[in-house]
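Structure incoming, see below.
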Amino acid sequence: MKIDKELLHKIAHLARLDFNEQDETKMIDSLNEILDWVEQLNEVDTTGVKALTHMSVEVNALREDIMLPPLPHEKGLLNAPRKDSDYFRVPKVIE
Amino acid sequence: MFLSYTATRQALLSGKTTCKDLVAHYLQKIEARNAELNAFVEVYAQEAMQQAEVIDQKIKAGTAGKLAGMVVGLKDVLAHQNHGLQGASKILDKFKSQFNGTAVQRLLDADAIVIGRQNCDEFAMGSTTENSAMGITRNAFDTSRVPGGSSGGSAVAVQAEMCLTSLGSDTGGSVRQPAAFCGLVGLKPTYSRISRYGLIAYASSFDCIGVFAHNVEDTALVLEVIAGQDDFDSTVSRTPVPAYTQNLALEGKPKICYIKETVENEGLSEDVKQATMKKIAQLKAQGFTVESVDFPLLKYILPTYYILTTAEASTNLSRYDGVKYGYRSPNVTDLNSLYKKTRSEGFGIEVKRRIVLGTFVLSASYYDAYFTKAQRVRRLIKEKTQDLFKTYDLILMPVAPTVAPKIGELAANPLQMYLADIFSVQANVAGIPAIAVPNGTDSQGLPIGIQVMADFFQEEKMLAFAKYLMEK
């Protein structure tokens, strides 16, 4: 698989990233080098092998759902780059 | 000053020293060398002194906790209430944690004193601590060299005696590899052994909190305090936590293997190879069974790791969007540009590379070819690794292929840097515990490490053997 400009633009959009011209070329080169390298995995026969999707031996350590004080509103807003008294502020979404 | 908590505690309890003296001493070391080494990105001088005073009172009153007067540092990925936390990234600029992570809370509850937060690679992605928005960290032994990474600041802080122990995080070797480069003990426990509540997520099926110390006893003690069940992490293990510190004497002679493909690896430097083979010969002479085994999957472990960790990272890092916290680009026109500009300006280049790679392997057209394939190979690696434990108690191998590289040596080529983790990733891919301990030095006197790996939840056996390795 080779990543070209068009594909990079597509992925970058999905990841909500932008690259300038100069970074773009370098990024494409390094990604292709890495992809060539990871494609070694095709040498491994995985016929009939199930994908490993969970690492814990124990699944879901659940507890009783007890009501505890949540993070207070003002603390939740404390790190916001823009806010008013109740909400995070962002540019207008709906016209 | 004291290089072990046992000695520290004895001196504290017998009145030979006080927590205030200890903190003053560490602060002096920080003052003297941190500008050059950049191990700490923030130091809590006044607060640590106040805390020392409180703990001194507790010692007098006979109510001192298990870690009373242990001065610790935290990698900048661990949430510490009302303190800065930014994963060494611009995107979390000015972020202050609103709560304590579980591991941090348990340290504080045991009367440890947190002296500051420590530099690392951005979001723990890197092997040299050169990818940080807060500048590079230098190896205290030779400042022209890297300390390793990603928990480089945490390693150097212990190495330069700016604190007694540090908490780091280990996703592919980020505690063990810097420990080896800095001549320390570095522990990555079994996956799920320590709660990750309050740990900035990088790759959730790999991430573990880990410990840096000068010796195995202190490592075991910290693990004993921070490990175990937690209401705030549904992935943590409920397996009871053994009293690790009470079981550090080696019982019998564990059967050991080493993987042929590690010691014959073309990337392995002559010095590290010799040190490893010397240790193996020494163990054999002491009557241990140490046998060479084949592990043909070795070369596939790193590619598997990079496909899966980048995929998980691209998902985990989607939360940094400039809306709720941290940095927001000033050049924003609409919501889409808010996301894109914030993330493009806030993330460093290596983080972006991994997000793009992860997004690619998760995208509809390539999901099966890359992501599912890697998950299948991961199962093979895990099973083949566990097969070794049917015959052997422990696996012995180098921690890293070389001693600490020069600054800039690996930074130019991402793939070269990835290869620095070739021996450390197996434990994370398989989920098993591993520990790095010092194993002599090379011809220039640079530290070399050796790594012991054990089966799931076999930390006791592993720690006892690691202690034996360091002492005998």
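Numbered from 1 within each chain, the chains take letters A, B, ... in sequence-line order. Hydrogens, waters and symmetry mates are skipped; everything else that's a heavy atom, side chains included, is used.
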**Q.** Atom group of Asn413(B) that falls short of 4.5 Å from chain A, counting heavy atoms
**A.**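 Interface part for Asn413(B): side chain.
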
Q. Considering all heavy atoms of both residues, which atom of Met55(A) and which atom of Ser205(B) are nearest to each other, and what is their separation?
A.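 Looks like CG-O, 3.3 Å.
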
Q | For the student: nearest non-hydrogen atoms of Thr235(B) and Ser56(A), plus distance | A |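 That would be O-OG, 3.4 Å.
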
Q: Check each atom of Leu357(B) against the heavy atoms of chain A and say whether the ones under 4.5 Å are side chain, backbone, both or neither.
A: both

Q | Residue part contacting chain B, namely of Asn20(A), when any heavy atom lies under 4.5 Å | A |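 When you check distances to chain B, no heavy atom of Asn20(A) falls under 4.5 Å.
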
Q: Using non-hydrogen atoms and a 4.5 Å limit, figure out which bit of Phe371(B) sits close to chain A: side chain, backbone, both or neither.
A: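 Neither part, no heavy atoms under 4.5 Å.
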
Q | Nearest heavy atoms of Gln81(B) and Lys75(A), plus distance in Å | A |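 Closest pair (atom of Gln81(B), atom of Lys75(A), distance): NE2-NZ, 3.5 Å.
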
Q.
Any side-chain to backbone donor/acceptor pair from Gln98(B) onto Leu71(A)? Under 3.5 Å, distance only.
A.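 No.
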
Q: Write down the atom of Arg16(A), the atom of Arg343(B), and the distance for their closest heavy-atom approach.
A: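 The answer is O-NE, 3.3 Å.
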
Q | Heavy-atom proximity to chain B below 4.5 Å, by part of Ile11(A) | A |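 It is both, since atoms from each part get that close.
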
Q: Applying salt bridge (charged side-chain N to carboxylate O under 4.0 Å, His left out), name anything that partners Asp387(B), two or more places apart in sequence or on another chain.
A: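 In terms of salt bridge (charged side-chain N to carboxylate O under 4.0 Å, His left out), with neighbours along the sequence ignored, Asp387(B) is linked to Lys390(B).
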
Q. What part of Thr239(B) lies closer than 4.5 angstrom to a heavy atom of chain A: side chain, backbone, both or neither?
A.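 Contact with chain A involves both backbone and side-chain atoms of Thr239(B).
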
Q) Between Asn79(A), Thr46(A), Val49(A), which shows the greatest number of heavy-atom pairs under 4.5 Å with chain B? A) Asn79(A)

Q.
Is it the case that the side chain of Arg378(B) and the backbone of Leu52(A) share a donor-acceptor pair, with hydrogens and angles ignored and the cut-off at 3.5 Å?
A. no

Q. For Tyr418(B), is it the side chain, the backbone, both, or neither that has a heavy atom closer than 4.5 Å to a heavy atom of chain A?
A.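 The side chain, not the backbone.
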
Q. Considering residues at least two apart in sequence or located in another chain, which fulfil the salt bridge (charged side-chain N to carboxylate O under 4.0 Å, His left out) criterion with Glu24(A)?
A. Lys5(A)

Q. Listed by residue number, which members of residues 304-313 of chain B have a heavy atom under 4.5 Å from any heavy atom of chain A?
A. Thr304(B), Tyr306(B), Ile307(B)

Q. Hey, what do you get for OG (Ser365(B)) to CG (Leu7(A)), rounding to the nearest 0.5 Å?
A. 8.5 Å

Q) In terms of heavy-atom pairs under 4.5 Å with chain A, which of Gln229(B), Lys299(B), Lys94(B) leads? A) Lys299(B)

Q: Could you tell me which portion of Tyr339(B) (side chain, backbone, both or neither) has an atom closer than 4.5 angstrom to a non-hydrogen atom of chain A?
A: both

(Q) Please give me the minimum heavy-atom distance between Asp231(B) and Arg63(A), naming the atom from each residue. (A)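 Answer, listing the atom of Asp231(B) first, then Arg63(A): O-NE, 2.7 Å.
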
Q: Give, as side chain, backbone, both or neither, the part of Leu92(B) having an atom under 4.5 angstrom from any heavy atom of chain A.
A: neither

Q) Which bit of Val93(A) comes within less than 4.5 Å of chain B, counting heavy atoms only: side chain, backbone, both or neither? A)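 Val93(A) touches chain B through side-chain heavy atoms alone.
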
Q. Could you give the distance from CG (Leu14(A)) to CD1 (Ile355(B)), rounded to the nearest 0.5 Å?
A. 12.5 Å

Q.
Please check this pair: side chain of Lys96(B) against backbone of Leu78(A), looking for a donor-acceptor N/O pair closer than 3.5 Å.
A.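 Pair absent, no side-chain N/O of Lys96(B) close to backbone of Leu78(A).
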
**Q.** Option passing side-chain contact (heavy atoms from CB on, under 4.5 Å) with Phe360(B) (candidates Ile3(A), Leu8(A), Leu31(A))
**A.** Ile3(A)

Q: Pick one of side chain, backbone, both or neither for Arg82(A), based on which atoms fall under 4.5 Å of a heavy atom in chain B.
A: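 Both backbone and side chain.
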
(Q) Heavy-atom pairs under 4.5 Å with chain B: which of Glu43(A), Lys83(A), Lys92(A), Arg89(A) has the most? (A) Glu43(A)

Q. Which value, rounded to the nearest 0.5 Å, describes the distance between Thr53(A) atom OG1 and Arg379(B) atom CZ?
A.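 Thr53(A) atom OG1 to Arg379(B) atom CZ measures 7.5 Å (nearest 0.5 Å).
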
Q. Got a second to check how far Leu17(A)'s CG is from Arg353(B)'s CZ, nearest 0.5 Å?
A. 12.5 Å

Q: Can you see which heavy atom on Ala15(A) is nearest to which on Thr359(B), and at what distance?
A: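 Taking every non-hydrogen atom into account, CB-OG1, 3.6 Å.
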
Q. To the nearest 0.5 Å, what is the distance between CD (Glu39(A)) and NZ (Lys373(B))?
A. 11.5 Å

Q) Which residues, numbered in order, of residues 323-336 of chain B come under 4.5 angstrom of chain A by heavy-atom distance? A)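 Checking residues 323-336 of chain B against chain A gives Val323(B), Lys324(B), Tyr325(B), Gly326(B), Arg328(B), Val332(B), Thr333(B), Asp334(B), Leu335(B), Asn336(B).
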
Q | Side chain, backbone, both or neither of Ala430(B) within contact of chain A (heavy atoms, under 4.5 Å) | A | backbone

**Q.** Distance, nearest 0.5 Å, that separates CG of Leu41(A) from OH of Tyr300(B)
**A.** 8.0 Å

Q: Mind ranking Gly431(B), Ser237(B), Pro414(B) by heavy-atom pairs under 4.5 Å with chain A and telling me who comes out on top?
A: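 Ranked by contacts with chain A, first place is Ser237(B).
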
Q: Among the options His13(A), His54(A), Lys26(A), pick out the one with the most heavy-atom pairs lying under 4.5 Å from chain B.
A: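 Going by pairs under 4.5 Å, I would pick His13(A).
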
Q: Return the option, out of Pro91(A), Gly76(A), Ala51(A), Ser30(A), with the maximum number of heavy-atom pairs under 4.5 Å with chain B.
A: Ala51(A)

